[in-house]
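One structure is given below, encoded as structure tokens.
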Number of protein chains: 2
Amino acid sequence: MSPYDPSTFPAFAVTVDLVVLTVRRHALCALVVRRGEPPFQGRWALPGGFVRADEDLADAAARELSEETGLCADDPKAPAPGNGAHLEQLATYGAPGRDPRMRVVSVAHLALSPDLPAPRAGGDANSARWAPVEALLNQDGGFVREDEQPAQLAFDHGQILADGVERARSKIEYSSLATAFCPSEFTVGELRRVYEAVWGVALDPRNFHRKVTGTPGFLVPSGGTTTRQGGRPAQLFRAGGATVLNPPMLRPEI
Amino acid sequence: MSPYDPSTFPAFAVTVDLVVLTVRRHALCALVVRRGEPPFQGRWALPGGFVRADEDLADAAARELSEETGLCADDPKAPAPGNGAHLEQLATYGAPGRDPRMRVVSVAHLALSPDLPAPRAGGDANSARWAPVEALLNQDGGFVREDEQPAQLAFDHGQILADGVERARSKIEYSSLATAFCPSEFTVGELRRVYEAVWGVALDPRNFHRKVTGTPGFLVPSGGTTTRQGGRPAQLFRAGGATVLNPPMLRPEI
DNA sequence: ATCATAGTCGTCTGCCTGACGATAAACACT
DNA sequence: AGTGTTTATCGTCAGGCAGACGACTATGAT
């Protein structure tokens, strides 16, 4: 390494960008904010911001998440998910031209949250909304049948979103992370609809029920209370202490 | 985002650090270099260096890998491993105090290579060597029975190494990445010894043979030639086109 | 009362894995 | 040449798990 002299290394701006995912109305949705300034003014982008001078990367991501959504990030070291959203580092993007203004390295983070929070614009964003990831990712020539098509995301945020979605899709296979999309108490059917929305497939309710209730530590009955979402009342569960699923939940082919 | 003004955001140094792993003499080993300057002068550290002003992160990692080992990194977009080493982004470390000189954000990368290359000190390192990861990671009060104990790694490189090793251990479960530790032609037994060294377990040769030869696209017979490593001659294989193993190779419990 | 909806318990079959036995083909001895 | 050692490779068998699907239960809607 070179001797210490600030003029011997190039200066970078470091930001955190957030892929905040939730499941609403049977669809996997991402939080996007409208840019109020150039470049990409008026375009949708992932929420994010600069890392402060004496701030850790995870702290910056948790702060941005709180500013944009009001969500409180879980302690990453906690074994079981608490009341806050799951937050983990995703990947880092630093191509020289990714921000036309200057050299910016962005440490992207992935956040998973239950549906509850209404998107509220905070701090440095004009407006915020949940958009189905399918509409956000199918921007390469495909048509969009939403009333308001979200257009292509600013910067390289389309790639970052794609990587975050793929991370979520693969991680719910072998971890109990899908419970991060559910409220603190939920039914097996609600958990199944999370898997179906994230993977975009239909799962057999009977086999799914056998799998999740048979995996030790995945679900614990919450008092045995019931609720309704349509038919027969269902048992309520909380997320158990297990974090890894072994054997994993198998994603159907194709 | 704030309006563009370089004085409105803190300046960071951005580096790449490399976790270069190989398998030698039945042990998983990592490349470490001795630091020639403070801080941590004389201590072992992971190879790495500053990202240049107009250089992509992956390019910087490939450049550092080439400078330190002479290895050529594979194109990450290539489906099958070529002659070079496998290189992928691992994680980013940016705690405020991790480098006492200044605010440094390090984008760690993971490289896997066959045993062949002799470590050669390049560029900005006094000396380099392969060290068993077990000795490097068991520095928390544990004793080391090597002739020359590698002492604790500089900076937070112990954590980075641990994360890289864990990534490699889990990724060979569900991908064909273990072939990156082998030369272009190898036997089933050599591949099995890779798994055994990375996981630190013993595997049944018969079940392993059935598994790897039965997974489509994992291995392709290379002319059917044979070689010897001890007993009966073994068939030679190359890595097939498959990148994901489905169903995965199961790591034995405990 | 009947239907629709959703939840929950079983059954059966096929595939995969772990735990072996057995054979084959080299080398190192004597 | 014969014996032992080492490694590779083929088979067999039982247990576990997943996919496909039938059956029954408990609620609300008509």
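Values reported hereafter were calculated over all heavy atoms of this structure, with side chains retained and with hydrogens, waters and symmetry mates removed. In the text below, chain A, chain B and the rest are named by the order of the sequence lines, each starting its count at 1.
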Taking atom [atom1] of [X] and atom [atom2] of [Y], what is their separation to the nearest 0.5 Å?
X	Y	atom1	atom2	answer
B/Phe237	B/Thr225	CZ	OG1	11.0 Å
B/Glu64	B/Glu68	CD	CD	6.0 Å
B/Leu21	B/Leu112	CG	CG	6.0 Å
A/Leu191	A/Ser176	CG	OG	9.5 Å

### Message
Quick check for you: among C/dC16, D/dT9, C/dG18, whose closest atom lies nearest to any side-chain atom of B/Pro247?
### Response
C/dC16

### Summary
Of D/dA23, D/dA8, C/dA19, the nucleotide closest to the side chain of B/Asn207 is C/dA19

### Query
Are the side chain of B/Arg251 and the backbone N or O of B/Trp199 linked by a donor-acceptor pair below 3.5 Å?
no

### Task
Check whether any side-chain N or O of A/His157 sits under 3.5 Å from a backbone N or O of A/Leu46 as a donor-acceptor pair, and report yes or no.
yes

Establish, with yes or no, whether the OP1 or OP2 oxygen of [N] is under 4.0 angstrom from a side-chain nitrogen or oxygen of [X].
X	N	answer
A/Arg251	D/dA18	no
B/Lys211	C/dC16	no
A/His209	C/dG7	no

### Any donor-acceptor N/O pair under 3.5 Å between C/dG18 base and B/Arg210 side chain
yes

Nucleotide [N], atom [atom2] - distance to [atom1] of [X] in whole Å:
X	N	atom1	atom2	value
A/Asn246	C/dT17	CG	C1'	13 Å
A/Leu219	C/dT8	CG	C1'	14 Å
A/Leu203	D/dC21	CG	P	15 Å
B/Glu196	D/dT7	CD	C1'	12 Å
B/Gln229	D/dT9	CD	P	12 Å
A/Arg206	D/dA20	CZ	C1'	8 Å
A/Phe237	C/dT8	CZ	C1'	10 Å
A/Gln235	C/dA6	CD	P	19 Å

### Task
Sort out for me which residue in A/Leu31, A/Leu110, A/Val133 forms a side chain to side chain contact (heavy atoms under 4.5 Å, CB included) with A/Val19.
A/Leu110

### Task
Please name the residue in the list B/Asp156, B/Asp163, B/Asp17 that meets the side chain to side chain donor-acceptor pair (under 3.5 Å) test with B/Tyr93.
B/Asp163

### Query
How does protein contact run along nucleotides 25-30 of chain C, one letter per nucleotide 5' to 3', with B for base contact, S for sugar-phosphate only, - for none, heavy atoms under 4.0 Å?
BS----

#### Entry: Base-paired stems that DNA chain C participates in, counting runs of 3 or more Watson-Crick or G-U pairs under 3.5 Å
C:1-30 with D:1-30

### Query
Looking at B/Val33 and B/Ala128, what are the two nearest heavy atoms and their distance?
CG1-CB, 3.9 Å

